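In what follows, a single structure is set out as structure tokens and then discussed.
All values below were derived from every heavy atom in this structure, side-chain atoms included, with hydrogens, water molecules and symmetry-related copies excluded. Naming convention: chains lettered A, B, ... in sequence-line order (proteins, then strands); numbering from 1 in each chain. Please read all numbers here as calculations on a predicted model, not as lab measurements.
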Amino acid sequence: MTMIDERRQLSYIAAQAADARVNVELETEGMTLNIGPQHPATHGTLRIIARLDGEQVVWAEPSAGYMHRGYEKLTEVRTFPQVTALVNRIDWLGSFANEVPFILAAEQLMGIEAPPRAQHIRTILFELSRIANVSLFLGDLGVQLGAITPVFMAFRDREYVLNLIEAATGGRFHPNFDRIGGLKDDLPKGWLEDTKASMHKLRTFCDEIEDLLFGNEIFQSRTRGVGIIPKEVALQYGLSGANLRASGVDWDLRRDRSLPMAWDKVDWKVWTHPDGDCFARCWIRLQEVREATKIVDQLCDTVPSGAVMAKVPRIIKVPEGEAWVSTENPLGEMGYYVVSKGDTGPFRVKIRSASFNNISITPWLLKGVLVPDIITILASLYFILGDIDR
Amino acid sequence: MSAVFAADIPYWGQSLLRALGGAVAVLLPAGTIVYVFLFKLMSFMQSRLGPMEAGPYGSMQLFAEVGKWLQKEDLYPDRADRFLFKSAPLVVLLSTFMLVVAVPFGPDAIFTNFDNGVLYVLAVSSISVLGILMAGWASANKYSLLGGLRAAGQLIAYELPMVLAVVGVVIQAGTMNMQTIVVKQNAGSIFGWDGIGNPYILTQFVGFLVFMIAVQAELTQAPFDMPIAESELVAGYMTEYSGFRFLIFFIAEFATAGVFSLLASTMFLGGWGLPWSWFNWGSLDEVHNVMNVVGPLIMVTKMMLVAFIIMWARFSYPRFREDQLQKFAWKFLIPVALGNIAVTSILKVAF
Amino acid sequence: MPTSELASDHLREALVDRLRSAIGDALVGSHLVAGVDVWVRVRADAWRKAGLALRDQLGMDYFCYLSAIDWMPSPFGRSEDDPTAEATERDDTIRQGYAGGETRFQLLARVVSSSTHVGINIKADVSEDDLTVESWVPVYTGANWHERETWEMFGINFAGHPDLRHMYLPTEFEGFPLRKDFPLLARLVKPWPGIADVEPMPGVSGDDEGGE
């Protein structure tokens with residue numbers, strides 16, 4: 001009998017086990033690919049667990065929660081004016097737009113309305129944050145699809161918008177400028193002219209992106225017919241914003257919901273696309289940036305004079321009641337269900353963020369696509385991780 | 001000057017010179033292309049300045065980067081197949097070095113005068129696939145594996161149109177010797193007019209296009225960069241590499257771009273030569289020896305031009321999907337290349 | 001200016017009436033703020049039935065969100081270091097909001113019609129003895145993630161949900177964070193400064209002066 005020392009015996013067993021593993025692996029049982037939480041295509045820390053057969057996705061499941069900050073709980077221990085500093089951080093690319101629906105809900109409960117000048121400026125800033133948000137999307141779209149140049153153009157021209165937001169509010173990313181009853185400050189001198197000049201540049205940027213990216217055959221072949229969402233499915237999942245309009249639903253809360261904002265005072269168009277594929281979603285967003293520049297241009301011409309702050313008590317106590325206000329944010333419908341018990345702070349705030357619904361469709365949408373299409377679809381659905389996790 | 005290239009230095013000296021020349025011929029294009037195209041032209045295309053601090057206009061940036069990479073620790077993943085993992089970048093670089101020996105730079109300035117140089121070039125260029133597959137497999141990373149497999153599929157698919165595109169040149173030149181191909185282009189004439197010789201880009205225009213597209217795919221540059229695909233596969237087969245080994249991949253990528261540009265200019269743009277009718281040269285022996293110095297300069301100029309096209313496409317295009325890439329190769333490029341061969345053969349027989 | 005929401009009181013009243021005729025006395029309460037919004041409250045056992053009626057008969061094809069409310073006042077107060085707040089006895093009675101209610105937990109959902117753009121807020125009392133309602137996933141597929149979140153945050157079970165597991169929190173997490181009796185520890189350890197800015201601005205007198 002051969003003496004086998006323990007070490008060799010153990011290594012023999014390990015080798016047998018390794019062979020068995022190889023045999024199991026050779027049965028092409030598929031591979032689980034973990035995309036994220038650290039991955040260049042996930043805009044933060046979304047994790048997608050995809051079961052692959054070759055390069056084809058058998059099923060895929062997004063796993064959120066790597067950035068959950070518990071804003072719904074935190075709002076319950078903040079006062080109403082403090083909440084805006086929190087909700088700023090939900091969609092961090094279009095921060096100002098996050099504040100507006102919450103402020104509007106509080107104003108609705110208090111029965112006050114911001115002065116017309118404040119409403120106008122709010123709308124301008126809202127649309128500027130839309131441009132800041134979506135222009136980055138347009139650049140990032142190229143990176144996701146492998147074209148590196150557009151993102152630099154996007155960053156270059158987005159800077160104009162950020163500068164404007166900074167000039168008006170003092171903050172580039174998190175303005176925290178909206179107040180219950182109006183705005184913190186009036187606009188600086190000469191800001192409106194600067195804004196109009198910048199809007200012209202942004203329109204040029206849109207044309208460039210359309211030439212460089214949207215007209216490209218490879219871009220079209222990568223996005224057309226990929227990730228098609230039918231209208232009914234989109235509504236069932238509660239998709240909103242450009243994702244919904246790309247599926248042919250003509251619905252824009254800026255037009256279809258009466259709010260004390262200035263969208264109804266200007267001439268603009270809601271674009272829809274019948275296809276519902278990735279190209280449609282991207283194209284709708286491109287058009288939305290154009291429309292937003294038009295809205296800002298027109299509003300800059302018609303800003304009324306007057307105060308930017310209504311008369312509100314120094315310590316704000318919101319009367320008892322419930323209000324739901326949602327606006328058409330850059331990412332889609334963003335709404336707050338605010339419950340007040342007559343206290344200085346809200347009793348409960350349900351934050352309905354657009355990306356949460358938009359991304360919940362991915363298990364349905366990613367079935368059977370190829371690995372590169374995962375990236376295309378995620379890019380075209382356009383989520384911000386803070387908007388999913390809140 | 002000609003003494004350097006003539007036979008009156010001993011064989012070991014010649015070999016040493018050739019080896020040094022080869023290293024320079026690989027690293028020089030790599031350096032220039034990285035600096036001029038990747039750092040500067042790309043920046044200008046993207047409305048940036050690019051490197052500005054290291055040296056005048058940032059011209060020393062590459063040295064700074066190399067210095068940084070060399071300082072880094074030579075990491076390898078725990079589960080990696082260590083031997084394959086470490087040798088993979090060298091295999092990739094090896095293919096670049098082996099490619100450059102077949103390129104003629106002047107009447108005498110050639111490393112090796114293969115009679116079947118074209119065949120050799122096409123064969124050697126696929127060695128890099130081996131290195132990429134090794135890197136992808138040995139990294140013990142799913143992204144790397146996917147990248148390596150994609151690279152293998154892609155490079156094999158695009159080998160074929162490349163070969164077929166070159167066949168047109170071979171038919172027209174009637175030889176596989178790279179030097180003879182250059183001679184034929186510069187000594188030739190188009191329908192009796194020999195004002196600019198006969199660079200095959202004019203007569204083999206379709207072949208040139210197919211060749212360039214295939215080169216783009218061989219180099220895994222956008223729009224054919226799915227083996228790397230930063231936004232999908234992180235960095236594909238290069239994901240786990242860092243430091244010195246990543247540097248080798250990096251150099252190999254750009255050196256191969258340079259070498260393929262050299263090949264394209266040799267086979268389609270007249271190589272190192274100037275039209276012989278300008279100087280009333282009759283044959284290769286009559287070519288002035290100064291061409292051994294001017295030739296490489298001409299080659300570098302042409303290489304820069306071709307590399308510009310490669311990089312231009314790289315910076316402007318999004319990337320294909322894997323299946324679209326295969327369709328494009330098999331359903332479009334190969335038929336076109338075959339058609340080109342047929343037309344070339346008919347014309348060759350007819351004239 | 002949209003016409004749907006301005007003169008839509010009749011529209012919203014009609015919505016409530018149609019829902020009542022569809023699900024009968026399972027609709028136990030309603031609240032209407034003219035021209036703004038409408039709330040209805042249904043019995044928990046008719047939750048899915050109400051969803052089906054909303055989707056099929058009222059044309060509410062757009063699923064907006066689903067969540068819940070814990071109406072119990074927080075036993076920890078607002079954890080605010082508010083120097084102006086007079087020390088009042090905390091009122092621990094549970095008072096529900098619009099459309100009334102009987103239980104501590106209420107489900108809250110909103111669905112909207114994509115054609116008329118009019119939405120409806122729907123609530124349901126969930127008894128604390130058995131925190132279970134029928135899932136809405138067969139009605140609105142998009143309710144999947146929302147119900148997972150609600151289950152995780154409030155501990156309300158959804159019978160018939162295909163995949164009820166944690167959305168944000170680790171699988172082994174215990175407790176339901178959005179319940180009012182779940183302490184926000186960071187706040188208990190170090191109270192928020194609260195309304196620190198209580199001194200009037202220079203040159204401004206009184207508490208009810210507007211602006212900042």
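Nearest heavy-atom pair, Tyr337(A) versus Ile69(C), reported as atom, atom and distance to 0.1 Å: CE2-CD1, 4.1 Å.
In terms of heavy-atom pairs under 4.5 Å with chain A, the best-connected choice from Cys64(C), Ser114(C), Ala143(C) is Cys64(C). Contact count versus chain C (heavy atoms, under 4.5 Å) is highest, among Leu74(A), Ile361(A), Asp250(A), Leu239(A), for Leu239(A).
Looking at heavy atoms from C-beta onward, Arg348(A) lies in side-chain contact with Ser67(C) at the 4.5 angstrom threshold. Within the 4.5 Å cutoff, side-chain heavy atoms of Lys73(A) are placed close to those of Phe182(C). Contact of the Trp364(A) side chain with the Thr141(C) side chain is not registered, since no non-hydrogen atoms from C-beta on lie closer than 4.5 Å. Within the 4.5 Å cutoff, the side chain of Tyr237(A) has no heavy atoms near those of the Asn144(C) side chain. Val139(C) has its side chain out of reach of Gln236(A): every pair of non-hydrogen atoms, C-beta onward, lies at least 4.5 Å apart.
Between Trp251(A) and Tyr62(C), the ring planes lie perpendicular to each other; the angle is over 60°, past the 30° to 60° tilted range. Aromatic ring orientation, His68(A) versus Tyr168(C): parallel (interplanar angle below 30°, classes split at 30° and 60°).
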Show, in sequence, the C-alpha distance, side-chain angles and deciding distance for Glu72(A) and Glu149(C), and conclude whether the side chain to side chain contact (heavy atoms under 4.5 Å, CB included) test is met. CA-CA 12 Å; Glu72(A) 288 183 20; Glu149(C) 192 190 5; 4.2 Å; yes
Take Trp145(C) and Asn357(A) through the test side chain to side chain contact (heavy atoms under 4.5 Å, CB included) and record every step on the way to the result. CA-CA 8 Å; Trp145(C) 279 27; Asn357(A) 280 35; over 6 Å; no
Do Phe63(C) and Leu235(A) pass the side chain to side chain contact (heavy atoms under 4.5 Å, CB included) test, and can you show the C-alpha distance, the side-chain angles, and the key distance before you say yes or no? CA-CA 6 Å; Phe63(C) 171 78; Leu235(A) 287 166; over 6 Å; no
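For Lys350(A), the part lying near chain C is the side chain, with the backbone staying farther off; criterion is any non-hydrogen pair under 4.5 Å. Heavy atoms of Leu253(A) lying under 4.5 Å from chain C are absent altogether. Within the 4.5 angstrom heavy-atom criterion, atoms from both the backbone and the side chain of Phe356(A) approach chain C. Looking at His31(C), there are no atoms closer than 4.5 Å to chain A (heavy atoms on both sides), in backbone or side chain. Contacts between Asp185(A) and chain C at a heavy-atom distance below 4.5 Å are absent for every atom of the residue.
With sequence neighbours left out, the side chain to side chain contact (heavy atoms under 4.5 Å, CB included) criterion links Gln57(C) to Ala22(C).
For the atom pair NE2 of His117(C) and CG of Asp252(A), the computed distance is 9.5 Å after rounding to the nearest 0.5 Å.
Proximity of the aromatic rings of Tyr65(C) and Trp324(A) is defined here by a centroid distance below 6.0 angstrom, and this criterion is met.
Between the Glu232(A) side chain and the Asp61(C) main chain, no donor and acceptor come within less than 3.5 Å of each other. Of the possible donor and acceptor atoms, one in the side chain of Glu322(A) sits under 3.5 Å from a partner among the backbone N and O of Tyr98(C).
One finds a salt bridge joining Arg148(C) and Glu61(A) here, because a Lys/Arg side-chain nitrogen approaches an Asp/Glu carboxylate oxygen to under 4.0 Å.
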